[in-house]
Structures are given as structure tokens and as C-alpha cells.
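The structure under discussion appears below in the form of C-alpha cells.
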Amino acid sequence: MPSLQTALPPELANNAIRLYRECLRRAKYIGQKKYNTELLITMVREQFKKNMHETDLDKIQKMKDDAARGLINHMLYESENLSGRKFSKSA
């Protein structure tokens with residue numbers, strides 16, 4: 001299965017620390033809009049801390065793909081809100 005990370009810039013997708021920072025930025029951004037910043041930041045930190053000692057490369061790749069998927073979904077959501085256009089098809 002191809003990696004979802006190809007939709008992100010390589011300098012972000014290939015580096016777990018940069019991916020973590022971008023997830024934190026998105027959590028802060030969403031949290032400011034929904035007034036739950038600390039909760040979202042705590043959730044992101046807990047997920048990364050829980051898995052920071054993982055050594056299985058397949059599991060690491062899956063976790064990076066999941067994080068990339070979350071970032072991409074949020075970017076699409078924000079783009080739809082700003083443009084008023086739907087990019088994804090509803091079922």
C-alpha cells in the first residue's frame with residue numbers, strides 16, 4: 001500500500017519531529033476555534049509519547065500515515081470552509 005505521506009512535503013512526512021510539531025500547530029489552531037486547546041494538545045502529546053519507543057518500522061510507517069491522514073483531512077476541511085466548495089464526495 002502506498003504511503004499517504006506523499007501528499008505532504010517530504011521534509012515534513014519523513015521526519016517524525018516535524019510531523020509532531022505540525023500536529024501540535026493544528027491542535028492549537030483547532031483548539032483556539034473550539035476553545036479546547038489544552039485538551040487537543042494533550043491528546044497529540046500523549047499519542048506521540050505513547051509510541052515514541054516503537055521500533056517496528058511497519059508500525060512506525062502506519063502511525064506516520066495516520067498522522068499525515070489527519071493533517072490532510074484537516075487541510076481539506078479548512079479549504080472547503082474557506083472556498084465554500086466541496087473537495088470530497090459525500091456518501
Side-chain angles (χ1 to χ4, degrees):
M1 179 169 100
S3 174
L4 282 174
Q5 295 179 41
T6 56
L8 293 174
E11 63 275 2
L12 175 60
N14 295 331
N15 188 323
I17 293 172
R18 288 186 184 195
L19 192 58
Y20 171 70
R21 288 179 183 157
E22 185 59 31
C23 287
L24 283 177
R25 282 188 202 100
R26 290 286 163 176
K28 288 177 186 176
Y29 177 78
I30 296 168
Q32 288 173 349
K33 288 182 148 193
K34 303 289 183 182
Y35 306 106
N36 59 352
T37 306
E38 286 304 315
L39 173 66
L40 293 175
I41 289 173
T42 301
M43 289 171 60
V44 169
R45 284 185 177 146
E46 285 176 0
Q47 285 299 309
F48 275 84
K49 281 182 183 179
K50 181 175 86 173
N51 299 303
M52 70 188 247
H53 297 295
E54 183 62 59
T55 56
D56 182 347
L57 295 178
D58 290 334
K59 286 183 180 179
I60 292 170
Q61 187 63 44
K62 183 186 178 318
M63 288 184 281
K64 286 168 114 183
D65 284 347
D66 290 346
R69 185 180 300 110
L71 291 173
I72 293 165
N73 286 344
H74 183 258
M75 288 185 244
L76 283 173
Y77 174 78
E78 285 297 319
S79 295
E80 288 174 354
N81 283 343
L82 290 174
S83 70
R85 234 179 95 192
K86 282 281 188 190
F87 296 109
S88 57
K89 294 183 179 187
S90 300

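Counting heavy atoms of neighbouring residues, nucleotides and ligands inside a 6.0 Å radius, atom CG of Leu82 exceeds 12 of them.
Taken to the nearest 0.5 Å, the CE atom of Met43 stands 9.0 Å off from the CG atom of Asn36. Arg25 contributes atom CZ, which lies 10.5 Å from atom CG of Leu71 (distance to the nearest 0.5 angstrom). Residue Met75 holds its CE atom at 6.0 Å from CD of Glu22, rounded to the nearest 0.5 Å. The NE2 atom of His74 sits 9.5 Å away from atom OG of Ser79, with the distance rounded to the nearest 0.5 Å. A distance of 11.0 Å separates CD1 in Ile30 from CD in Gln32, rounded to the nearest 0.5 Å.
Side-chain atoms of Arg69 and Ile72, non-hydrogen and from C-beta on, never get closer than 4.5 Å to each other.
With sequence neighbours excluded, the residues satisfying salt bridge (Lys or Arg N to Asp or Glu O under 4.0 Å) with Glu78 are Lys33. Qualifying salt bridge (Lys or Arg N to Asp or Glu O under 4.0 Å) partners for Lys28, counting only residues two or more places apart in sequence or in other chains: none.
Across every non-hydrogen atom of Gly31 and Thr37, the tightest pair is C-OG1, 3.0 Å. Across all their heavy atoms, Thr42 and Glu38 have their closest contact at OG1-O, 2.7 Å.
Linking ILVMFWY residues whenever their side-chain heavy atoms come closer than 4.5 Å, directly or via other members, places Tyr20 and Ile41 in the same cluster.
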Distance-only donor-acceptor hits, side chain of residues 44-58, under 3.5 Å, sequence neighbours excluded:
residue	atom	partner	partner atom	Å
Asn51	ND2	Gln47	O	2.9
Glu54	OE2	Asp56	N	3.2
Asp56	OD1	Asp58	N	3.0

